[in-house]
There are 2 protein chains.
Amino acid sequence: MYTINEVAELCDLSAHTIRYYDKEGLLPFITRTKNGNREFSEQSLELIRLICCLKNTGMPIKDIKQYIDLLMEGTHTSDVRRRVMVDHRKEVLRQMNELKKNLNLIDLKISHYDSKHTH
Amino acid sequence: MYTINEVAELCDLSAHTIRYYDKEGLLPFITRTKNGNREFSEQSLELIRLICCLKNTGMPIKDIKQYIDLLMEGTHTSDVRRRVMVDHRKEVLRQMNELKKNLNLIDLKISHYDSKHTH
DNA sequence: ATAGCGGTTAGAGTCAGGTCGAAGTCAGGA
DNA sequence: TCCTGACTTCGACCTGACTCTAACCGCTAT
């Protein structure tokens with residue numbers, strides 16, 4: 001079991017942010033110690049890593065919450081959850097493509113700077 | 001010469017957003033018609049595309065403004081501007097790497113859903 | 001000449017995603 | 001017993017990037 005600060009460290013989040021996620025309903029799976037402190041299992045940690053992955057690829061908190069809600073509902077939602085992931089995968093590919101295009105423009109700009117001393 | 005709405009269309013921005021960029025000092029290069037309307041040359045359009053590229057790769061408006069300010073100062077700032085671009089290029093590569101990592105996790109998740117009907 | 005369209009401004013409002021501070025609880029140590 | 005430190009809640013606040021509103025101007029077509 002990990003404390004909030006350990007998880008914060010491991011997932012590169014602040015303890016504040018983890019509490020905020022909890023408040024937003026993203027962490028219904030975490031348990032509490034007898035004195036009310038959040039405690040995180042290895043499995044919770046993995047889920048939080050997944051949440052970070054979705055967040056870092058632009059999924060809004062609300063949509064992540066929906067996914068987690070489906071997860072908590074049990075195995076009979078696995079088809080829907082698979083769909084969510086497949087759709088989101090497409091979105092990530094789109095982002096990578098756009099990033100590549102932008103990288104090309106940046107490279108072009110740099111090569112302009114390299115080719116002529118003036119301008 | 002293009003009108004604000006034509007540029008909005010061409011650059012996938014709203015006219016609102018273009019005015020906002022102008023207010024933030026990102027578009028000091030645009031001219032006005034005799035009745036005060038913004039008009040955009042081909043060159044302005046190219047610069048706006050560059051601004052969008054920088055914005056879409058996560059450069060804050062403030063930093064973009066600084067770059068544009070350097071640009072307006074003239075050719076003697078080209079070394080600094082090149083530096084900015086090279087540094088930002090690194091940042092874009094970092095983003096692509098992170099995106100790839102996240103894509104791997106998503107793929108892993110999808111393959112879990114594919115391999116077992118339960119969970 | 002007037003309606004409509006496309007533009008103008010300043011400034012307020014919105015939204016996501018945190019971030020902070022105050023005030024409180026609890027466990028363990030000097 | 002009191003202190004320290006780590007946690008708790010709640011609500012206010014902040015930032016970035018828009019987004020919208022209200023009130024206005026000036027050209028053009030009917």
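We use all heavy atoms of the structure for the numbers below, so side chains are in, but hydrogens, waters and symmetry mates are not. Order of the sequence lines sets the chain letters (A, B, ...), proteins ahead of strands, with each chain counted from 1.
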ILVMFWY clustering at 4.5 Å (side-chain atoms), partners of A/Met1: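 Traced through the cluster, A/Met1 reaches no other member.
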Nearest whole Å is fine: how far is [N] [atom2] from [X] [atom1]?
X	N	atom1	atom2	result
B/Glu24	C/dG11	CD	C1'	13 Å
B/Leu27	C/dT8	CG	C1'	15 Å
A/Ile18	D/dT9	CD1	P	13 Å

Pair listing, side chain to side chain donor-acceptor pair (under 3.5 Å) test, anchored in residues 52-64 of chain A, at least two apart: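 Matches after skipping sequence neighbours: A/Thr57-A/His88.
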For nucleotides 15-25 of chain C, give me every protein contact, N/O to N/O, under 3.5 Å, one pair per line with atom names.
from	atom 1	to	atom 2	distance (Å)
C/dA16	OP1	A/Lys62	NZ	3.0
C/dG17	OP2	A/Ile61	N	3.2
C/dG18	OP2	A/Tyr21	OH	2.7

Listed partners of B/Glu6 passing salt bridge (charged side-chain N to carboxylate O under 4.0 Å, His left out), at least two apart: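 With sequence neighbours excluded, B/Glu6 shows a salt bridge (charged side-chain N to carboxylate O under 4.0 Å, His left out) to no residue whatsoever.
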Once side-chain contact (heavy atoms from CB on, under 4.5 Å) is applied, do any residues pair with A/Asn97, and if so which ones, sequence neighbours excluded?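 If we apply the side-chain contact (heavy atoms from CB on, under 4.5 Å) test to A/Asn97, skipping adjacent residues, there are no hits.
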Quick one: list whatever passes side-chain contact (heavy atoms from CB on, under 4.5 Å) with B/Met85, sequence neighbours left out.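 Scan of B/Met85 (side-chain contact (heavy atoms from CB on, under 4.5 Å), adjacent residues dropped) gives A/Ile106, A/Lys109, A/Ile110, A/Tyr113, B/Leu50, B/Leu54, B/Tyr67.
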Please list every donor-acceptor pair under 3.5 Å in which a side-chain atom of residues 15-30 of chain B meets a protein atom from a residue at least two apart or in another chain.
from	atom 1	to	atom 2	distance (Å)
B/Thr17	OG1	B/Ser14	OG	2.8
B/Asp22	OD2	B/Arg38	NE	2.8
B/Asp22	OD2	B/Arg38	NH2	3.3

Taking N or O atoms only and anything under 3.5 Å, show me the protein contacts with nucleotides 24-29 of chain D, one pair per line.
none

Quick one: label A/Thr3 by what it contacts on the DNA or RNA (base, sugar-phosphate, nothing), any heavy atom closer than 4.0 Å. sugar-phosphate
Under 4.0 Å between a side-chain N/O of B/Arg19 and OP1 or OP2 of D/dA17, yes or no?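 No, outside the criterion.
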Pairs in or reaching into residues 69-78 of chain B: which pass salt bridge (Lys or Arg N to Asp or Glu O under 4.0 Å), with residues at least two apart or in two chains?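 The answer is B/Lys65-B/Asp69.
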Would B/Ser78 and B/Thr75 count as having a side-chain donor-acceptor pair, cut-off 3.5 Å?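 There is no such pair between these side chains.
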